[in-house]
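Please read all numbers here as calculations on a predicted model, not as lab measurements. Hydrogens, waters and symmetry mates are skipped; everything else that's a heavy atom, side chains included, is used. Throughout, protein chains are lettered first and strands after them, A, B, ... in sequence-line order, and every chain is numbered starting at 1.
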Amino acid sequence: MNLPLIVILGPTASGKTGYAIELARRINGEIVCADSRTVYRGMDVGTAKPTKREQEMVPHWGLDLAEPNGRFTLYDFQQYAYTKIAEIRGRQHVPMLVGGTGLYIDSVIYHYGLAKEASFDTTRRSRLEQMTVTELTDYAVFHQLELPNDALNKRRLIRVIEQGAVNKKCTQLDDNTVVIGIKSDRETLRTRSRQRSEQMLADGLIEETKRLIQQYGLVEPLRRNAYGVVHQYLNGDITSRDELIDRMVIADGHLVKKQLTWWRSPRRAGDIMWRSLDDLNKQMHASETLDDLGLLSQLIAEYKNFQNTHNTGENH
RNA sequence: GCUGGGGUAGUGAAGUGGUUAAACACGGCAGACUGUAAAUCUGCUCCCUCUGGGUUCGGGGGUUCGAAUCCCUCCCCCAGCA
């Protein structure tokens with residue numbers, strides 16, 4: 001049997017981690033984290049990285065792969081995930097791709113056509129970064145490059161110029177891939193986010209932020225979300241603990257919005273089977289009498305059914 | 001109670017007699033996005049029967065051809081003095 005790939009995705013604070021760990025224990029799974037921030041070493045509390053204890057319950061991969069000031073690319077993640085998924089299958093375990101970074105997940109499940117970069121030209125990058133959007137556009141047009149549909153997005157313009165094209169190569173979902181989305185309404189997420197922010201502070205987020213900034217400087221991953229807000233607090237731009245929490249919740253809210261927009265896109269919406277945490281847990285506990293393969297095949301069957309009904313509905 | 005400052009979209013804030021009041025920022029909503037993605041970028045955000053129309057600047061009154069802007073009065077907030 002070719003073991004399936006179980007993908008569990010969902011917005012921040014939706015409860016992916018908890019569910020994934022429990023499921024992994026039931027179906028003999030191993031978790032590959034698809035999260036652009038937990039790849040960084042030392043960024044633990046502020047990224048809600050699975051704890052040591054959680055990591056001991058189920059093998060976790062994809063954590064602590066890079067230094068916060070290092071360069072970690074989509075290609076790096078994709079290759080890492082491919083390797084780990086193959087290794088997990090080699091052990092006759094079920095690979096599970098779990099995370100909230102839509103792009104990372106897509107690069108693996110749709111097999112983005114990424115090629116190894118010969119070498120990253122830092123000098124050229126910083127030269128391009130100094131150009132204005134207009135200059136970059138002119139440059140791209142002059143060299144007859146297709147412009148990104150996000151024409152004012154400087155980062156993407158730079159990528160187009162570096163690559164010499166807009167890269168869109170990808171495939172359909174593999175037959176044995178199952179994609180489950182954790183469905184949750186925004187109010188619930190906000191409530192969870194608030195609780196989680198309180199917990200992060202209790203767990204030493206402020207000290208962690210201080211330490212990381214001292215060690216690496218104010219690098220990009222430390223400028224955003226929880227870390228960015230705490231940095232403003234340390235700076236005195238935010239003066240009260242209440243405001244700090246509020247701002248952390250708002251930052252999470254922005255992230256959630258982007259994540260949901262990503263997954264709502266018609267390009268992938270038909271591949272994601274959204275289920276509430278309650279339903280998923282009920283199913284898991286209801287099938288306790290089943291053996292591991294029973295629960296797994298139940299999920300697969302449910303997903304196949306979802307795909308069929310969705311696709312017929314779409315074509316007619 | 002007195003004196004001074006102030007009350008403009010969900011919030012902060014610009015506008016201080018004259019082309020269409022609400023720039024700008026935040027928040028909210030929607031969208032794009034294949035190598036930094038928790039990044040980066042775009043649109044909408046007073047109301048409506050919405051390619052057009054309507055209402056508004058704490059309440060009321062007044063001056064003026066014309067008032068968020070000047071005057072009177074009342075209400076509320078902040079600071080100082082009692």
Between A:E135 and A:R127, does any side-chain N to carboxylate O distance fall below 4.0 Å?
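No salt bridge links A:E135 with A:R127.
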
Counterpart residues, side-chain hydrogen bond (donor to acceptor under 3.5 Å, both in side chains), relative to A:N305 (two or more places apart):
none

Look at all strands and tell whether [X] reaches a base, only sugar-phosphate, or nothing, counting heavy atoms closer than 4.0 Å.
| X | answer |
| --- | --- |
| A:L103 | base |
| A:R190 | sugar-phosphate |
| A:A151 | nothing |
| A:Q79 | nothing |
| A:R37 | base |
| A:Q259 | nothing |

Using atom P in both nucleotides, what's the gap between B:C41 and B:C47 to the nearest angstrom?
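It works out to 28 Å between them.
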
Nearest-angstrom distance, C1' atom, B:U56 to B:A68
10 Å

Find out whether A:I6 and A:L296 are in side-chain contact, i.e. whether some heavy atom of one side chain is under 4.5 Å from a heavy atom of the other.
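They are in side-chain contact.
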
Can you find a side chain N or O atom of [X] that sits less than 4.0 Å from OP1 or OP2 on [N]?
| X | N | result |
| --- | --- | --- |
| A:R186 | B:C29 | yes |
| A:R159 | B:G35 | yes |
| A:T261 | B:A30 | no |

What parts of residues 59-72 of chain A reach RNA chain B, counting only heavy atoms under 4.0 Å away?
A:R71, A:F72

Residue pairs passing the side-chain hydrogen bond (donor to acceptor under 3.5 Å, both in side chains) test where at least one lies in residues 169-179 of chain A, sequence neighbours excluded
A:H111-A:D174

